[in-house]
**Q** 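My questions will all concern the structure given below.
In what follows, every chain begins at residue 1, and chains take the letters A, B, ... in the order their sequences are listed.
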Amino acid sequence: MEYNFTNIEKKWQKIWKANQVYKVTEDNSKPKYYVLDMFPSPSVAGLHVGHPLGYIASDIYARYKRLRGFNVLHPMGFDAYGLPAEQYAIQTGTHPATTTEKNIKRYRSQLDQLGFSFDWSREVRTCDSQYYKWTQWTFIQLFHHWYDQSQQKARPIKALVDSFEKQGSDAVDAARDEHEPFSAEAWKQMSEKQQSDILMHYRLAYLSETMVNWCPALGTVLANDEVKDGYSERGGHPVERKRMQQWSLRITAYAERLLKGLEKIDWSDSLKEMQKNWIGKSVGASVDFGIEGHDEKIEVFTTRPDTLWGTTFMVLAPEHKLVEKITTGEKKPEGDAYIEKAKKRSERERQAETKAISGVFTGAYGINPLNGKKIPIWIADYVLSGYGTGAIMAVPAHDSRDFKFARHFDIPIIQVVVPKGEQPGNTDEWEDSKDSTEGTIINSDFINGMKVKDAIRKVIDYLEAQNIGHAKVNYKLRDAIFSRQRYWGEPFPVFYKNGVPYTLDINQLPLNLPEVDKYQPTEYGKPPLARAENWKTEDGYPLETNTMPGFAGSSGYYLRYMDPHNEERYFSAEAVNYWQDVDLYIGGAEHATGHLIYARFWNKFLYDIGLSVKEEPFKKLINQGMIQGRSNFVYKVKNDNKFVSHGLRNQYDTIKQHVNVNIVNNDILDVEAFRKWRPDVGDAEFVLEDDNYICGWEVEKMSKSKYNVQNPDDLVEQYGADTLRMYEMFLGPIEAHKPWDTNGIEGVFRFVKKFWRLFHQDNRFSVSDEKADEKSNKSLHACIKKVGEDIERFSFNTCISTLMITTNELLEHKAAQREVLEPMVILLAPFAPHIAEELWHLFGNDGSVVDAEFPAFNPSLLVENSFEYPVSFNGKMRFKLDVPNDMKKEDIQEAVMNHPKAQKWIEGKQLIKFIFVPKKIINVVVK
RNA sequence: GCCCAGGUGGCGGAAUUGGUAGACGCGCUGGUCUCAAACACCAGUGGUAGCAAUACCGUGUCGGUUCGAUCCCGACCCUGGGUACCA
């Protein structure tokens with residue numbers, strides 16, 4: 001019988017579906033295991049070869065755990081809201097729901113043909129109202145909760161209001177924005193609007209003014225990514241920074257718990273490090289600087305209050321609220337121009353460009369609260385309004401960036417810390433700032449002579465005693481801006497009454513996304529939902545027109561999989577008590593500081609209010625590497641409808657443009673296909689080299705916008721799903737990034753055919769019930785051991801190598817006994833489920849191979865009584881020597897030294913040391 | 001700029017991380033089978049020198065620690081990801 005993968009795969013996929021082989025229910029007789037993939041966002045391009053990489057890995061592990069007797073939850077769904085469907089809708093007028101539905105169908109059929117063990121009865125889609133009902137529900141909960149620092153948990157707003165009524169604002173220790181304190185009496189006399197404004201400073205979901213990239217021409221807000229040099233990437237319209245009222249989530253309240261929680265989870269150190277840096281905890285002090293001639297104070301945060309005496313200037317972010325007020329008349333024009341310029345630059349641009357030093361003196365002076373010294377106040381765009389207080393005290397002697405700024409503008413530099421073993425220096429001669437992490441304080445009044453650590457403590461005590469500052473912990477983490485001026489997202493369950501926001505009743509959920517005539521913003525720059533007819537409550541109050549961001553729907557989806565059809569609740573207590581949390585989560589590292597932080601926050605909140613039963617949602621996380629695309633480029637001559645070949649591009653002034661890799665073969669462009677693909681330049685001239693148009697190439701992220709997407713369908717048709725699954729795993733370690741290349745899939749295909757041949761003779765399934773020989777048994781058990789160990793450490797590429805090696809050995813031994821071949825089928829099953837299932841049934845088994853038992857390995861078969869040692873001289877391997885296990889070190893030394901091959905290396909030299917590492921190496925050191 | 005990761009033959013990678021560098025596979029070379037091809041099978045394959053045994057060189061670059069470094073330390077170069085409204 002020939003190996004006909006198409007028939008085999010189709011047949012078993014049908015049977016698995018009909019028998020619901022992958023459907024799971026809570027089963028208290030078995031331990032649970034929850035394997036989760038980051039669900040895909042269904043794009044027009046379909047699934048590309050990078051998507052399945054993670055899914056194959058998780059599927060292997062899910063199947064493996066099932067073979068080990070676990071009740072495995074392995075669900076899948078779709079992150080269906082987002083920009084791409086909306087952009088497409090703006091261009092074509094097609095409703096995003098239509099596009100999304102179509103894309104999901106395509107994804108589903110692509111996933112199905114790969115033979116994944118997903119329980120599709122649990123599918124969720126973020127754009128489904130029965131799903132987003134619970135996203136909206138969670139938002140309402142966030143709105144009605146605040147964070148109690150003393151209890152370190154979220155509590156109902158009701159409790160806060162009670163406290164205000166009894167004791168005013170000072171009785172609680174809450175995560176909140178700054179506001180003036182008030183008494184219980186004052187609270188009671190406030191209007192509803194005033195009370196609402198106060199509560200906004202506490203709610204975990206709140207309205208506030210935040211900075212955005214505003215593009216007036218497009219009437220929309222843009223991501224930093226969409227802004228290039230102050231212009232929109234799309235259309236090239238000017239963009240400016242602007243304040244806008246937005247919903248935010250007070251994720252900063254959870255900063256400390258997000259940080260601490262990292263210690264308890266099994267994630268890679270690099271990912272934890274990224275999150276740690278993102279949260280960016282720093283311990284220091286808040287200090288109030290006076291301003292000459294003004295009543296206001298400038299609050300700065302510093303990690304080094306001990307260097308206060310070294311402060312020779314201050315810097316405000318251009319957006320700082322005091323800039324306008326303190327800039328003096330003569331400096332005003334210069335200041336305004338600078339602020340105008342800064343507005344046009346994105347935060348990232350402002351931080352990236354450190355070579356060009358820029359800034360403007362305000363003409364105003366701050367007062368150092370410790371010594372009363374006057375220090376100039378500058379404006380510079382390297383200070384960002386979003387970090388700390390948007391103002392810094394600059395200590396040029398001990399900070400590199402401040403140093404460069406001071407040198408550039410000729411501002412004095414005062415040394416205040418002397419590093420250990422050094423003498424105080426002349427700062428005029430310095431080329432850079434001096435490290436100050438450790439050392440002795442000078443030029444600093446009452447802390448002179450103290451060590452840095454003690455000085456910090458002393459200064460903070462002094463600041464607090466004088467009421468000019470206090471100890472403070474600052475986090476780089478910012479609250480998550482939660483509103484988007486877009487159509488294709490969850491509507492907020494919020495309406496406005498006299499300008500005060502209220503949430504809908506839970507029983508009014510879901511608030512369905514309304515129909516609109518167009519998907520772009522209105523002429524007045526209002527979000528698309530403003531176009532919806534009757535977008536108001538039954539009582540006629542206007543509903544919120546913003547929608548939620550992409551991460552809203554993906555923040556809690558793993559919980560909904562536990563009980564996806566529950567209409568009464570997010571999920572039942574029974575379901576969550578059984579499934580608990582995700583044991584293994586597989587997805588891309590590009591989510592490190594986005595989704596993976598938001599989801600942890602979301603889960604902690606649900607934990608606080610008694611829904612989640614585990615504080616951390618994802619116990620173990622694996623980041624599958626990105627399969628990178630190989631992009632191709634054409635070179636268009638600027639201001640001319642002409643393209644030049646790669647080798648000639650430097651002779652012209654050209655722009656590099658992506659070209660669809662599917663019309664490029666071996667970097668040679670199919671010019672006719674290109675004309676069809678880009679009708680806008682259909683009549684272009686092509687400058688060739690050697691009669692060909694050669695394209696440039698680069699390895700980049702695979703994405704539709706780079707036209708380098710490869711999809712798996714053709715490969716499944718040509719080689720079958722089992723081969724594709726194993727080939728993707730064989731490419732390299734799951735966590736490594738690798739460029740996609742189809743060369744090499746033939747080798748895996750050969751292996752699958754070889755494996756099939758193990759069980760067949762003269763085209764007939766032919767396996768005997770006789771005892772297998774020792775060699776075959778040894779091969780099998782070495783394989784069981786290695787494959788088991790390697791699956792446990794997610795080293796799937798070496799699993800496949802091992803299976804190849806064992807298959808070659810068994811073929812060589814002409815092993816055809818059930819005793820060795822049947823366990824091989826089970827070992828292969830997680831990787832290549834279709835062929836394994838077919839062979840499993842050829843053996844006469846009834847049930848599915850997924851319910852088989854992972855074979856046990858017999859250690860006694862693998863015991864060796866000697867070891868072949870590599871013998872090195874001065875670290876260089878020279879020959880090998882077989883040594884019995886029970887031989888003594890002295891005897892081994894003698895055997896080595898008397899070995900004929902050793903003479904060449906020891907002749908005329910003196911033995912310094914004889915190193916013997918059991919089961920590793922022998923090294924002879926001679927001189 | 002900042003944070004994180006990576007760099008090993010012609011190519012993907014292995015060496016479970018201080019102990020034989022290059023497992024397994026692709027590709028390539030030669031051969032068997034065939035009228036021929038495909039499939040399959042056999043042999044070889046890091047570089048240099050050599051008929052060979054063997055020797056020297058070799059894990060991005062430079063330097064260090066060690067009996068011994070792909071692995072640890074320092075400096076640098078290059079590539080990829082993230083950088084808060086792409087998902």
Side-chain angles (χ1 to χ4, degrees), chain A residues 38 40-41 43 79 81-84 87 212-213 220-226 246 268-271 273-278 280 346-355 382 386 401 476-481 483-486 549-551 554 588-595 597 623 625-626 628 698-701 703 705 727 730-733 735-739 741 743-748 750-751 753-754 757 786 789-790 793 795 797-798 800-805 808 868-880 904 912-915 917 919-926:
Chain A
M38 289 186 188
S41 202
S43 80
D79 190 9
Y81 273 136
L83 264 186
Q87 300 290 20
V212 294
N213 300 312
T220 184
V221 173
L222 298 174
N224 282 338
D225 243 13
E226 299 174 291
Q246 305 256 47
S268 71
D269 288 339
S270 61
L271 203 93
E273 192 67 24
M274 268 193 256
Q275 290 212 345
K276 221 182 263 177
N277 294 335
W278 186 258
S346 71
E347 283 192 6
R348 205 183 307 167
E349 284 174 313
R350 282 168 55 173
Q351 283 172 95
E353 245 183 60
T354 50
K355 279 181 194 131
Y382 77 86
R401 212 162 31 172
K476 209 161 18 164
L477 184 72
R478 292 184 245 163
D479 280 343
I481 298 171
S483 36
R484 300 288 183 267
Q485 294 68 50
R486 315 272 187 200
F551 68 82
S554 59
E590 66 272 23
H591 298 286
T593 52
H595 162 64
I597 290 240
N623 289 124
M626 190 164 303
Q628 291 151 328
E698 252 171 57
V699 170
E700 291 183 300
K701 190 172 170 175
S703 94
S705 63
Y727 179 57
F730 192 58
L731 273 177
E735 306 213 57
H737 300 269
K738 45 225 155 203
D741 184 0
N743 295 332
I745 195 168
E746 291 280 353
V748 175
R750 259 171 231 161
F751 159 66
K753 286 187 288 187
K754 242 187 215 176
R757 235 185 298 138
K786 176 87 174 137
E789 286 170 0
D790 284 2
R793 66 185 180 104
S795 176
N797 55 332
T798 54
I800 291 170
S801 296
T802 305
L803 289 165
M804 285 174 170
I805 292 167
N808 287 339
E868 192 181 46
Y869 282 91
V871 181
S872 348
F873 293 83
N874 291 339
K876 281 204 174 201
M877 208 282 284
R878 296 301 178 183
F879 62 88
K880 288 181 186 167
K904 185 170 171 187
I912 305 289
K913 211 175 184 182
F914 183 83
I915 293 160
V917 186
K919 293 270 160 77
K920 295 271 189 205
I921 202 172
I922 292 165
N923 189 20
V924 184
V925 186
V926 290

**Q** Is A:Arg750 touching bases, backbone alone, or none of the nucleic acid, heavy atoms closer than 4.0 Å?
**A**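 Sugar-phosphate contact only - A:Arg750 comes under 4.0 Å of backbone atoms but never of a base.
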
**Q** Might you point out which heavy atoms bring A:Pro870 and A:Met877 nearest each other, and give the distance in Å?
**A**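 Minimum heavy-atom contact is CB-CG, 3.7 Å.
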
**Q** Between A:Glu735 and A:Lys738, which has a closest nucleotide on RNA chain B that is more 5'?
**A**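 It is A:Glu735, whose closest nucleotide lies nearer the 5' terminus.
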
**Q** Quick one: closest heavy-atom pair of A:Val212 and A:Val221, and the distance?
**A**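 For A:Val212 versus A:Val221, the nearest heavy atoms are CB-CG1, 3.7 Å.
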
**Q** Could you list all N or O pairs between the protein and nucleotides 72-78 of chain B that sit under 3.5 Å apart?
**A**
none

**Q** Does a donor on one side chain sit under 3.5 Å from an acceptor on the other, for A:Gln246 and A:Ser483?
**A**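 Looking only at side-chain atoms, A:Ser483 and A:Gln246 do form a donor-acceptor pair, the distance falling under 3.5 Å.
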
**Q** Any chance the side chains of A:Asn923 and A:Lys913 put a donor and an acceptor closer than 3.5 Å?
**A**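 Short answer, no.
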
**Q** Given the C1' atoms of B:U61 and B:G12, what is the spacing between them in whole Å?
**A**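 Taking atom C1' in both B:U61 and B:G12, they lie 24 Å apart.
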
**Q** Assign A:Glu746 to base, sugar-phosphate, or nothing according to its heavy-atom contacts below 4.0 angstrom with the strands shown.
**A**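 No contact.
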
**Q** By the 4.0 Å heavy-atom rule, please label A:Pro733 as base, sugar-phosphate, or nothing.
**A**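 If one applies the 4.0 Å heavy-atom cut-off, A:Pro733 turns out to touch the sugar-phosphate alone, with no base involved.
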
**Q** Checking all strands, does A:Gln275 fall into the base, sugar-phosphate, or nothing category for heavy-atom contacts under 4.0 angstrom?
**A**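 Nothing, no heavy atom under 4.0 Å.
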
**Q** Mind checking the C1' distance from B:C73 to B:C86? Whole angstroms is fine.
**A**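 The answer is 40 Å between these two C1' atoms.
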
**Q** Going by purine N1 to pyrimidine N3 plus the second Watson-Crick contact, or the G-U wobble pair, all under 3.5 Å, which nucleotide sits opposite B:C11?
**A**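 Answer to the pairing question: B:G25, which forms a Watson-Crick or G-U pair with B:C11.
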
**Q** Any idea which heavy atoms bring A:His595 and A:Ser554 closest together, and the distance?
**A**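 Result for this residue pair: CE1-O, 3.1 Å.
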
**Q** A:Thr798 vs A:Glu789, test: side chain to side chain contact (heavy atoms under 4.5 Å, CB included). Steps then yes/no.
**A** CA-CA 10 Å; A:Thr798 54; A:Glu789 286 170 0; over 6 Å; no

**Q** Report yes if at least one side-chain N or O of A:Lys753 is closer than 4.0 Å to OP1 or OP2 of B:A40; otherwise report no.
**A**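 The answer is yes; a side-chain N or O of A:Lys753 sits under 4.0 Å from OP1 or OP2.
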
**Q** For A:Ala736 and for A:Arg878, locate the closest nucleotide of RNA chain B by heavy-atom distance; then report the residue assigned to the nucleotide nearer the 5' terminus.
**A**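 Counting from the 5' end, the first nearest nucleotide belongs to A:Ala736.
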
**Q** Between B:A14, B:A87, B:A40, spot the one nearest the side chain of A:Thr798, thanks.
**A**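 Nearest to the side-chain atoms of A:Thr798, counting from C-beta on, is B:A14.
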
**Q** Taking B:G7 as the reference, what is the distance to B:G44 when you measure between their P atoms (whole Å, please)?
**A**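 Approximately 30 Å lies between the P atom of B:G44 and that of B:G7.
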
**Q** Collect all protein-nucleotide pairs involving nucleotides 64-71 of chain B in which both atoms are nitrogen or oxygen and the distance is under 3.5 Å.
**A**
{"unit_1": "B:C67", "atom_1": "O2", "unit_2": "A:Asn923", "atom_2": "ND2", "d": "2.4"}

**Q** Quick check: any donor-acceptor pair below 3.5 Å linking the side-chain of A:Glu226 to the base of B:C86?
**A**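 No.
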
**Q** If you look at every heavy atom in A:Asn874 and A:Val926, which pair is closest and at what distance?
**A**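 Smallest interatomic distance, heavy atoms only, reads OD1-N, 3.0 Å.
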
**Q** Base, sugar-phosphate alone, or nothing: which one does A:Glu273 contact when heavy atoms must sit under 4.0 Å apart?
**A**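 If one applies the 4.0 Å heavy-atom cut-off, A:Glu273 turns out to touch the sugar-phosphate alone, with no base involved.
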
**Q** Identify whether any heavy atom of A:Lys904 sits under 4.0 Å from a base atom; if not, whether one sits that close to sugar-phosphate; answer base, sugar-phosphate or nothing.
**A**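 It contacts sugar-phosphate atoms only.
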
**Q** Contact class for A:Leu477 (heavy atom, under 4.0 Å): base, sugar-phosphate, or nothing?
**A**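 The answer is base, as A:Leu477 lies within the cut-off (heavy atoms under 4.0 Å) of a base atom.
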
**Q** Taking a pair as Watson-Crick or G-U wobble with both distances under 3.5 Å, which nucleotide is matched to B:U32?
**A**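 B:A40 is the nucleotide pairing with B:U32.
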
**Q** B:G25 phosphate, OP1 or OP2: any side-chain N/O from A:Asn808 under 4.0 angstrom?
**A**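 Yes, because at least one side-chain N or O of A:Asn808 sits under 4.0 Å from OP1 or OP2 of B:G25.
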
**Q** Does B:A84 have its OP1 or OP2 closer than 4.0 Å to a side-chain nitrogen or oxygen of A:Arg348?
**A**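 Yes.
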
**Q** Which part of the nucleic acid, if any, lies within reach of A:Ser483 when heavy atoms closer than 4.0 Å are counted: base, sugar-phosphate only, or nothing?
**A**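 Since a base atom lies under 4.0 Å of A:Ser483, the category is base.
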
**Q** May I ask which nucleotide in the shown strands pairs with B:C85, Watson-Crick or G-U wobble, both distances under 3.5 Å?
**A**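 With both distances under 3.5 Å required, B:C85 matches none.
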
**Q** Within this structure, what is the CG-to-P distance between A:Leu83 and B:C86, rounded to whole angstrom?
**A**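 It works out to 7 Å between those atoms.
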
**Q** Is any side-chain N or O of A:Arg793 closer than 4.0 Å to OP1 or OP2 of B:U16?
**A**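 Checking A:Arg793 against B:U16: no side-chain N or O falls below 4.0 Å of OP1 or OP2.
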
**Q** Can you tell me how far P of B:G82 sits from NE2 of A:His595, to the nearest Å?
**A**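 In whole Å, B:G82 P lies 15 Å from A:His595 NE2.
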
**Q** Roughly how far apart, to the nearest Å, are B:U59 and B:A53 at atom C1'?
**A**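 Rounded to whole Å, the distance is 28 Å.
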
**Q** Distance between the C1' atoms of B:A87 and B:G81, in whole angstroms?
**A**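 So the two C1' atoms sit 14 Å from each other.
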
**Q** Do A:Lys876 and B:U20 have a side chain to base donor-acceptor pair shorter than 3.5 Å?
**A**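 There is none.
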
**Q** If I pick the P atom on B:A21 and the same atom on B:G74, what distance separates them, to the nearest angstrom?
**A**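 My reading of the P atoms in B:G74 and B:A21 gives 26 Å.
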
**Q** Looking at every strand, decide which applies to A:Lys754 at a 4.0 Å heavy-atom threshold: base, sugar-phosphate, or nothing.
**A**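 A:Lys754: backbone/sugar contact only, no base atoms under 4.0 Å.
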
**Q** Any side-chain N or O of A:Asn224 under 4.0 Å from OP1/OP2 of B:C85?
**A**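 False: A:Asn224 side-chain N/O out of range (4.0 Å or more) of B:C85 OP1/OP2.
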
**Q** Identify the heavy atoms of A:Ser41 and A:Asp79 that sit nearest to each other, and give their distance.
**A**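 Scanning both residues, the minimum pair turns out to be OG-O, 3.0 Å.
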
**Q** Between B:C67 and B:G22, how far is it from one C1' atom to the other, in whole Å?
**A**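 Roughly 24 Å separates the two C1' atoms.
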
**Q** Determine the Euclidean distance between corresponding P atoms of B:A36 and B:A52; express it in Å to zero decimal places.
**A**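 So the two P atoms sit 33 Å from each other.
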
**Q** Looking only at heavy atoms, which two atoms of A:Lys919 and A:Tyr869 are closest? And how far apart?
**A**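 Where A:Lys919 meets A:Tyr869 most closely, the heavy atoms are N-OH, 2.8 Å.
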
**Q** Is the number of heavy atoms from other residues, nucleotides or ligands within 6.0 Å of NZ (A:Lys276) greater than 12?
**A**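 No, because the 6.0 Å sphere around NZ of A:Lys276 holds 12 heavy atoms or fewer from other groups.
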
